*Asks:* 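Here it is, the structure, as C-alpha cells.
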Amino acid sequence: MSDNASATTDAAVEEVTPERLKDRIDAGEDVFLLDVRSESDYEEWRIDGASVESVNYPYFELLDGIPEELHERLPDDRRITVLCAKGGSSEMIAETLEDNGYNVDHLERGMKGWARIYEYAELDTDGDATIAQYRRPSSGCLAYLVASDGEAAVIDPLRAFTEEYVQDARALGADLTYAVDTHVHADHISGIRDLAEEVDATAVLPETADARGVDYDRDYETIADGETLHVGDVDVEAIHTPGHTTGMTTYRVGNVLFTGDGLFTESVARPDLEDPEAARDAARTLYESLQALIERFDDDAVIAPAHYSDAATPNGDGTYTADLGALVDTMDALTMDEEAFVDYIVADMPPRPANHTEIIATNLGQQAPDDETAFELELGPNNCAASEDAMTN
C-alpha cells in the first residue's frame, strides 16, 4: 500500500481491550501485532502466542509516515493491532495506518493495560478447601486463594491486585485471615502488607526470609519449618525449601504443594538472585530441597508454583499445575546427581528480572514506592527460573 491509499477520516481508530485481545489469542485466532515500543523494550518483554505474529518498529521512526520497508512487512488482508507502552503512541500510529487503508485497531492502555489482566480459576483438588489460582499473563506470576469454612488465605499475593483477593474471598463466603509469602520476591511487589491493612488479615513471612532484614512499618508474623497456619478446616504447613533464596518456603495444603519459586511446572529455580557470588552453593542447597520433596511426597502431589513462563504448557483449563511424579519423569534436572545438577543450573541462566534490586528493597520494607511506581517497577517478565526454555521433555 502507498501513503495515499485512502483519504483521512475523522473517526477515531478502534480500540481493543487487553482482555479482548487475550481472548482472541487464547481462542487461537490469527493475531498480527505491530509493537511500536523501542527495540530493547520489545526484546525484553512482548506479547506472544501460538497464533501471534508480531513486528517491532519504534514509533519515533514512524512520525513522518509509514516507510516502504514497513509496508512490505504489514499484511493487506489481516487486522493489525498496534501497541505501545501506555496506549497514546499506538493510537497515533494506528490512525496513520488506517489513513493508509489498513484494517487496524490499537491496544487500549498498551502494555500497562496488558499487565492489568488477572485471571482466576479454581483448581480441581480432593481436599477440604477451595483453592483458586490467579494468573497474570503479562509476567507469568501466579498466586493462590485457599478458602475453607469461612476463612481464607492468599499465598504470594501481588500488591496491584489486593481488591481482587478481597472480593473473591467474599464471593466464597470467607474472610481473609492470612496473607502469606513463600519468600522475598524479586519480580513483583508483594501484597501481604496491603491485604493486612485492607481487611486486617495477618501478614506472614517465613522465619528464614525475615532473617534477610525485613523492616515493615506494620506488624507481621513469621512461620518456621514444620509450623502450620489454620485456615478453616485445613492446615497450611510450612516446609523450608531453600535454594532460590535462603528463605524460600513451600506451603502444603492436603496434597497441594505451593512451591513458590523453588519448582515450576517446566523448570526449577535460579539460585543467583539473593547472592550472585554464592550461586553454586545455592544450587547445591536447591538440589537438596528438591530431592527432599521428591522423597517425602507421593507422585500425585500437586505442584502449584508461583510462576510460569512462555515455555510452560497449561492444563486444559488454563491453569499451571503438575503432578510431582510427572515432573520427575519428564524433567531430567530432578534425576541428575548433585554435581551434574549444579553445573546444569548455573551454566546459562537468563537475565535477571527487571528492577529486581528495587523490588527486593520494597519487599524488605526498605523502600516505599507509591502504587503507580510500584506497578511500573514490576512490568516485564519474571525470569525467576533457571532456564528460559522448558526443562521438561
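The structure displayed is predicted, hence computed values, not measured ones.
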*Asks:* Decide if the gap between the ring center of Phe264 and the ring center of Tyr320 is smaller than 6.0 angstrom.
*Replies:*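 That pair fails the under 6.0 Å test.
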
*Asks:* Does Leu286 belong to the same Ile/Leu/Val/Met/Phe/Trp/Tyr cluster as Leu334, with side-chain heavy atoms less than 4.5 Å apart forming each link?
*Replies:*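 Yes, one cluster joins them.
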
*Asks:* Hey, does the side chain of Thr285 reach the backbone of Asp281 with a donor-acceptor pair shorter than 3.5 angstrom?
*Replies:*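 Looks like yes, one N/O pair under 3.5 Å.
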
*Asks:* What verdict does the side chain to side chain contact (heavy atoms under 4.5 Å, CB included) test give for Ile47 and Leu33, after you've listed the backbone C-alpha separation in whole Å, the side-chain angles of each residue and the deciding distance to 0.1 Å?
*Replies:* CA-CA 9 Å; Ile47 298 174; Leu33 304 177; 3.8 Å; yes

*Asks:* What's the shortest heavy-atom distance between Thr265 and Ala312, and which atoms?
*Replies:*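 Smallest heavy-atom distance, with atoms named: OG1-CB, 4.0 Å.
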
*Asks:* Any heavy-atom pair between the side chains of Pro75 and Ile80 that's under 4.5 Å?
*Replies:*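 In short, these two side chains touch, coming nearer than 4.5 Å.
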
*Asks:* Testing His185, Arg136, His188 for side-chain hydrogen bond (donor to acceptor under 3.5 Å, both in side chains) with Glu378, which one passes?
*Replies:*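 Only one option passes, and that is Arg136.
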
*Asks:* Enter the distance from Thr17:OG1 to Asp23:CG here, rounded to the nearest 0.5 Å.
*Replies:*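 Nearest 0.5 Å value for the OG1-CG distance: 7.5 Å.
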
*Asks:* Where do Ser387 and Asp389 land on the side-chain hydrogen bond (donor to acceptor under 3.5 Å, both in side chains) test, with the steps shown first?
*Replies:* CA-CA 5 Å; Ser387 172; Asp389 298 322; 4.8 Å; no

*Asks:* Is the closest basic N to carboxylate O distance between Lys86 and Glu108 below 4.0 Å?
*Replies:*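 The answer is no: the pair does not qualify as a salt bridge.
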
*Asks:* Around atom CG of Asp219, are there more than 12 heavy atoms of other residues, nucleotides or ligands at under 6.0 Å?
*Replies:*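 For Asp219, atom CG is not crowded (no more than 12 foreign heavy atoms under 6.0 Å).
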
*Asks:* Above 12 or not: heavy atoms from other molecules or residues under 6.0 Å from CG of Asn355?
*Replies:*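 Atom CG in Asn355 is packed in, count exceeds 12.
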
*Asks:* When you compare the side chain of Met349 with that of Pro271, does any pair of heavy atoms fall below 4.5 Å?
*Replies:*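 Heavy-atom side-chain distance check passes, below 4.5 Å.
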
*Asks:* Does any part of the side chain of Tyr144, heavy atoms only, come nearer than 4.5 Å to the side chain of Val256, both counted from C-beta?
*Replies:*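 Val256 does not reach Tyr144 side chain to side chain.
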
*Asks:* Taking all atoms of both residues into account, what is the closest heavy-atom pair of Leu21 and Val16, and its distance?
*Replies:*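 Distance-wise, the nearest heavy atoms are N-CG2, 4.0 Å.
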
*Asks:* To the nearest 0.5 angstrom, please state how far the CG atom of Asp261 sits from the NE2 atom of His244.
*Replies:*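 Separation between the atoms: 4.0 Å.
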
*Asks:* Could Asp343 and Arg280 be called an ion pair, given the rule that one side-chain N must be under 4.0 Å from one carboxylate O?
*Replies:*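 Yes, this pair counts.
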
*Asks:* Just by distance, do the side chain of Thr319 and the backbone of Asn315 share a donor-acceptor pair under 3.5 Å?
*Replies:*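 Such a contact is absent between Thr319 side chain and Asn315 backbone.
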
*Asks:* Are Thr208 and Thr246 side-chain neighbours, meaning at least one heavy-atom pair lies under 4.5 Å?
*Replies:*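 Sidechains of Thr246 and Thr208: no contact.
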
*Asks:* I'd like to check Thr182 versus Pro206 (side-chain heavy atoms, cut-off strictly below 4.5 Å). Are they in contact?
*Replies:*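 Counting from C-beta outward, Thr182 and Pro206 never come under 4.5 Å.
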
*Asks:* Do the side chain of Trp45 and the main chain of Ser139 share a donor and acceptor less than 3.5 angstrom apart?
*Replies:*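 Checking the backbone N and O of Ser139 against the side chain of Trp45, no donor-acceptor pair under 3.5 Å is found.
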
*Asks:* Other residues, nucleotides and ligands only: do more than 12 of their heavy atoms fall within 6.0 Å of CG on Asp300?
*Replies:*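 Buried by this count: over 12 neighbours within 6.0 Å.
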
*Asks:* Counting only heavy atoms from other residues, nucleotides and ligands, does the tally under 6.0 Å from CZ of Phe161 exceed 12?
*Replies:*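 Above 12, so yes.
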
*Asks:* Is a side-chain N or O of Asn56 found less than 3.5 angstrom from the main chain of Arg37, in a donor-acceptor match?
*Replies:*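 Judged by distance alone, yes, a pair lies under 3.5 Å.
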
*Asks:* Walk me through it: do Asp187 and His307 pass the test side chain to side chain contact (heavy atoms under 4.5 Å, CB included)?
*Replies:* CA-CA 10 Å; Asp187 69 301; His307 292 109; 2.7 Å; yes

*Asks:* Once you round to the nearest 0.5 Å, how far does CD1 of Ile155 lie from OG1 of Thr249?
*Replies:*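 Rounded to the nearest 0.5 Å, the CD1-OG1 separation comes out at 11.5 Å.
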
*Asks:* Transitively linked via ILVMFWY side-chain contacts under 4.5 Å: Val253 with Val204?
*Replies:*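 In one cluster with Val253: Val204, yes.
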
*Asks:* Run the numbers on Glu19 and Ile117 for side chain to side chain contact (heavy atoms under 4.5 Å, CB included), then give the verdict.
*Replies:* CA-CA 7 Å; Glu19 293 77 13; Ile117 298 177; 4.2 Å; yes

*Asks:* Flag yes if more than 12 heavy atoms outside Glu43 fall under 6.0 Å of its CD atom; otherwise flag no.
*Replies:*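 It does: Glu43 CD has more than 12 such atoms within range.
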
*Asks:* Closer than 3.5 angstrom, by distance alone: can the side chain of Asp235 be matched with the main-chain N or O of His230 as a donor-acceptor pair?
*Replies:*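 No; judged by distance alone, with no hydrogens or angles, the pair does not exist.
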
*Asks:* Using a strict cut-off of less than 4.0 Å between a Lys/Arg side-chain nitrogen and an Asp/Glu carboxylate oxygen, indicate whether Glu376 and Lys112 qualify as a salt bridge.
*Replies:*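 Yes.
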
*Asks:* So which heavy atom on Asp181 is nearest to which on Pro157, and how close?
*Replies:*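 Closest heavy-atom pair between Asp181 and Pro157: OD1-CD, 3.8 Å.
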
*Asks:* Please check if the number of heavy atoms outside Glu53 that lie under 6.0 Å from its CD is greater than 12.
*Replies:*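 Counting other residues, nucleotides and ligands, CD of Glu53 exceeds 12 neighbours.
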
*Asks:* Among Ile66, Leu70, Asp35, exactly one meets side-chain contact (heavy atoms from CB on, under 4.5 Å) together with Tyr57. Which residue is that?
*Replies:*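 That would be Leu70.
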
*Asks:* Going only through I, L, V, M, F, W and Y residues with side-chain contacts under 4.5 Å, is there a path from Leu74 to Ile93?
*Replies:*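 Leu74 and Ile93: one cluster.
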
*Asks:* Mark yes or no for whether Arg270, through its side chain, and Asn383, through its backbone, hold a donor-acceptor pair below 3.5 Å.
*Replies:*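 Answer holds: yes.
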
*Asks:* Please evaluate residues Asp210 and Tyr220 with respect to the criterion side-chain hydrogen bond (donor to acceptor under 3.5 Å, both in side chains), reporting the C-alpha separation (whole Å), side-chain torsions for both, the decisive distance (0.1 Å), and the verdict.
*Replies:* CA-CA 10 Å; Asp210 182 52; Tyr220 64 97; 2.4 Å; yes

*Asks:* Looking at Ser289 and Pro242, would you say the former's side chain and the latter's main chain have a donor-acceptor pair under 3.5 Å?
*Replies:*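 Looks like yes, one N/O pair under 3.5 Å.
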
*Asks:* List the steps, then state whether side chain to side chain contact (heavy atoms under 4.5 Å, CB included) holds for Tyr178 with Val146.
*Replies:* CA-CA 10 Å; Tyr178 291 107; Val146 178; over 6 Å; no

*Asks:* Taking the side chain as C-beta and beyond, is there a heavy-atom pair between His240 and Glu207 under 4.5 Å?
*Replies:*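 With C-beta onward as the side chain, the pair stays apart.
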
*Asks:* Nearest 0.5 Å, please: how far is NE2 in His183 from CG in Asp156?
*Replies:*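 Rounded to the nearest 0.5 Å, the CG-NE2 separation comes out at 6.5 Å.
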
*Asks:* If you group Ile, Leu, Val, Met, Phe, Trp and Tyr by side-chain heavy-atom gaps below 4.5 Å, do Leu377 and Phe375 land in one group?
*Replies:*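 Not linked; separate clusters.
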
*Asks:* Flag the pair Tyr308 / Pro137 as yes when at least one side-chain heavy-atom distance between them is below 4.5 Å, and no otherwise.
*Replies:*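 Contact flag for Tyr308/Pro137 side chains = yes.
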
*Asks:* Check the angle between the aromatic planes of His71 and Tyr102 and answer parallel, tilted or perpendicular using the 30° and 60° thresholds.
*Replies:*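 Taking Tyr102 first and then His71, their aromatic rings lie parallel (interplane angle under 30°).
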
*Asks:* Which pair of non-hydrogen atoms, one from Ser190 and one from Asn363, has the smallest distance, and what is that distance?
*Replies:*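 Closest pair (atom of Ser190, atom of Asn363, distance): N-OD1, 2.8 Å.
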
*Asks:* Check this for me, if you would: do Glu29 and Arg79 make a salt bridge, where the nitrogen-to-carboxylate-oxygen distance has to be below 4.0 angstrom?
*Replies:*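 Judged by the 4.0 Å cut-off on N to carboxylate O distance, Glu29 and Arg79 do not form a salt bridge.
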
*Asks:* Whether the side chain of Tyr287 engages the backbone of Gly243 through a donor-acceptor N/O pair (distance < 3.5 Å, no angle test) should be reported.
*Replies:*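 No.
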
*Asks:* With distance as the sole test, does Arg20 use its side chain to make a donor-acceptor pair with the main-chain N or O of Lys22 at under 3.5 Å?
*Replies:*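 Pair absent, no side-chain N/O of Arg20 close to backbone of Lys22.
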
*Asks:* If you measure from the Lys or Arg side-chain nitrogens to the Asp or Glu carboxylate oxygens, is any gap between Arg296 and Glu237 under 4.0 Å?
*Replies:*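 Salt bridge: yes.
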
*Asks:* Rounded to the nearest 0.5 Å, what separates atom CD in Glu266 from atom CE in Met331?
*Replies:*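 Rounded to the nearest 0.5 Å, the CD-CE separation comes out at 7.0 Å.
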
*Asks:* Looking at every heavy atom in both Met92 and Tyr59, which two are closest together, and how far apart are they?
*Replies:*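 Heavy-atom minimum between the residues: CE-CD1, 4.2 Å.
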
*Asks:* Using a cut-off of 6.0 Å, state whether more than 12 heavy atoms not belonging to Asp348 lie near its atom CG.
*Replies:*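 Counting neighbours around CG of Asp348, 12 or fewer heavy atoms of other residues, nucleotides or ligands fall under 6.0 Å, so no.
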
*Asks:* Kindly compute the distance separating CG (Asp105) from OG1 (Thr81), expressed to the nearest 0.5 Å.
*Replies:*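 Separation between the atoms: 3.5 Å.
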
*Asks:* Within a reach of under 6.0 Å around CG of Asp337, are more than 12 heavy atoms found that belong to other residues, nucleotides or ligands?
*Replies:*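 It does: Asp337 CG has more than 12 such atoms within range.
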
*Asks:* Can you see which heavy atom on Thr222 is nearest to which on Glu227, and at what distance?
*Replies:*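 Result for this residue pair: O-OE1, 4.3 Å.
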
*Asks:* Find out whether Asp41 and Met111 are in side-chain contact, i.e. whether some heavy atom of one side chain is under 4.5 Å from a heavy atom of the other.
*Replies:*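 In short, these two side chains do not touch, never coming nearer than 4.5 Å.
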
